[in-house]
Amino acid sequence: MPIARSLATVHARIAAACAASGRPVGGVELLAVSKTFGVDAVREAMDAGQRAFGESYVQEALGKIAAVPQADWHFIGPLQGNKTAEVAAHFSWVHSLDREKIARRLSEQRPAGMAPLNVCVQVNISGEATKSGVVSGDAAGLCRSIVALPRLRLRGLMAIPAAVTKRDSPHFREDENGDSPFRALRELFDSLRREGFELDTLSAGMSDDLEAAIAEGSTLVRVGTAIFGQRSPTKDP
Ligand SMILES: *Cc1c(COP(=O)(O)O)cnc(C)c1O
C-alpha cells in the first residue's frame, strides 16, 4: 500500500478514537516509526505531510537524519551510555529515558546551539522483568532528577505495555481482570502532574493498540507497521 494511503488510514483511526472518547483530534500527535525502513520511505511519508519520525537504533538513524534533517527525529529505543552524545546531537526527543546517569549525560552532551532535548520517562507499566523502563514507584524520583538538568526538558511518560492476549484482539493489552495498562499509565501521569511536574505528553499506543491508548489519554501514538508495513525481523531484533 502506498505510504500516503496507510498514513491516511492511521489518521482516520486516530480521529475515530478521539471522537469515541470525546477528545479533540488535534490532541493526539502521530510519530511515524521508521526503524528498519530506508530514506525513501521517510521521504514518501514527508511528501504525504508527516513530519515526526521515530527511530530505535542510533547507528541506523544517523544516516536517515543526515539525509532528511528537516524532519523532527525522536529516539524511542534502548539507550546505552556510549550512544548518548550522538542522540543528544541529532534528535529533538528521547522517549526511552529510564536512568539518571543517561539523563545526566544527555544534558551535558546536548549542544549549546540547540533547544533543550525533550524527554519522556519510560515506565515499565506491566512490570515485566525483561523490559526497559522504571517501575511506577521510581518515576517521580527520575522526574525530579531530570527537571534539575539544564539541557533537558521533561515532557511526560512513555510505555510499551505487555501483550497478554492475541495481537488481533482489541483487548490484547488488558490483564486478566480487564484492567488496561494504559489506564495505570494515565493515573501515574495524573499523579505526577498533581505533584507539580509540568507534563504534557503521554507517549502510548502503537499500530495494534492506538485506540485503547487514546481512550486512556495518550497524546502521542508511535506507529510503525500500520504506516510502513511489516519489518524484517533480522533488522528489528
Ligand atoms: C517499533 C516500535 C514502535 C512501533 O511499533 P508498531 O507495532 O510497528 O507500530 C513503537 N514504539 C516503540 C518504542 C517501538 O520500538
Side-chain angles (χ1 to χ4, degrees), residues 1 3 5-14 16-17 28-38 41-42 44-45 48 50-61 64-65 71-80 83 87 91-99 102 118-126 128 130-134 139 155-173 181-182 185 189 201-214 216 218-237:
M1 197 195 288
I3 288 171
R5 262 193 51 207
S6 46
L7 266 173
T9 302
V10 171
H11 280 297
R13 285 175 61 190
I14 293 171
V28 179
E29 270 180 77
L30 174 59
L31 181 68
V33 177
S34 46
K35 64 181 175 196
T36 79
F37 292 93
V42 171
E44 203 180 321
Q50 181 64 31
R51 278 292 165 275
F53 294 87
E55 292 283 336
S56 295
Y57 312 107
V58 176
Q59 223 44 52
E60 183 206 323
K64 285 182 245 182
I65 297 173
D72 186 23
W73 292 98
H74 295 221
F75 188 76
I76 62 173
L79 184 47
Q80 264 84 52
K83 300 278 197 233
V87 169
F91 287 85
S92 60
W93 283 71
V94 171
H95 291 234
S96 44
L97 192 50
D98 63 359
R99 273 176 294 163
I102 299 288
N118 297 294
V119 299
C120 291
V121 166
Q122 183 172 354
V123 182
N124 183 355
I125 202 69
S126 308
E128 292 170 284
T130 58
K131 275 277 173 64
S132 328
V134 294
R155 299 296 296 267
L157 301 179
M158 183 274 249
I160 311 169
V164 295
T165 65
K166 287 205 297 290
R167 284 182 83 81
D168 58 3
S169 156
H171 305 292
F172 87 107
R173 299 293 193 191
F182 293 121
L185 183 70
F189 183 77
T201 302
L202 196 47
S203 169
M206 322 202 307
S207 292
D208 290 325
D209 61 7
L210 66 89
E211 285 83 2
I214 289 170
E216 292 295 343
S218 166
T219 68
L220 185 155
V221 291
R222 308 176 312 270
V223 178
T225 309
I227 296 172
F228 296 108
Q230 285 299 332
R231 287 182 291 276
S232 148
T234 55
K235 289 187 180 168
D236 187 25

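In listed order, ligands and their atoms are each counted from 1.
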Going by the atom numbers of ligand 1, which of them fall below 4.0 Å from some non-hydrogen atom of [X]?
X: Ile76; answer: 11 (N), 12 (C), 13 (C), 14 (C)
X: Thr225; answer: 6 (P), 7 (O), 8 (O), 9 (O)
X: Arg222; answer: 4 (C), 9 (O), 10 (C), 11 (N), 12 (C), 13 (C)
X: Val223; answer: 9 (O)
X: Ile160; answer: 13 (C)

Can you check whether Trp73 and Phe91 have ring centres sitting under 6.0 Å from each other?
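Here the rings of Phe91 and Trp73 have centres that are no less than 6.0 Å from each other.
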So is Ser56 in contact with ligand 1, going by heavy-atom distances below 4.0 Å?
yes
Test item, His95 contacting ligand 1 (heavy atom, 4.0 angstrom):
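No heavy atom of His95 comes that close to ligand 1.
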Main-chain N/O of [Y] paired with [X] side-chain donor or acceptor, under 3.5 Å:
X: Asp72; Y: Arg51; value: no
X: Thr219; Y: Leu202; value: yes
X: Arg99; Y: Gln80; value: no
X: Thr201; Y: Gly156; value: no

Interatomic distance, CD@Gln50 vs NE2@His11, rounded to 0.5 Å, equals 5.5 Å
Quick one: CD on Glu55 to NZ on Lys64, what's the gap to the nearest 0.5 Å?
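Atom-to-atom, Glu55:CD and Lys64:NZ are 3.5 Å apart.
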Look only at interatomic distance and state if Gly224 has a nitrogen or oxygen under 3.5 Å from any nitrogen or oxygen of ligand 1.
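Min N/O separation from ligand 1 is below 3.5 Å for Gly224.
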Using a heavy-atom cut-off of under 4.0 Å, does the side chain or the backbone of Asp208 touch ligand 1, or both, or neither?
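Under 4.0 Å from ligand 1, Asp208 contributes no heavy atoms.
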Nearest to atom 15 (O) of ligand 1 by heavy atom, Met158, Met206, Lys35: which?
Lys35
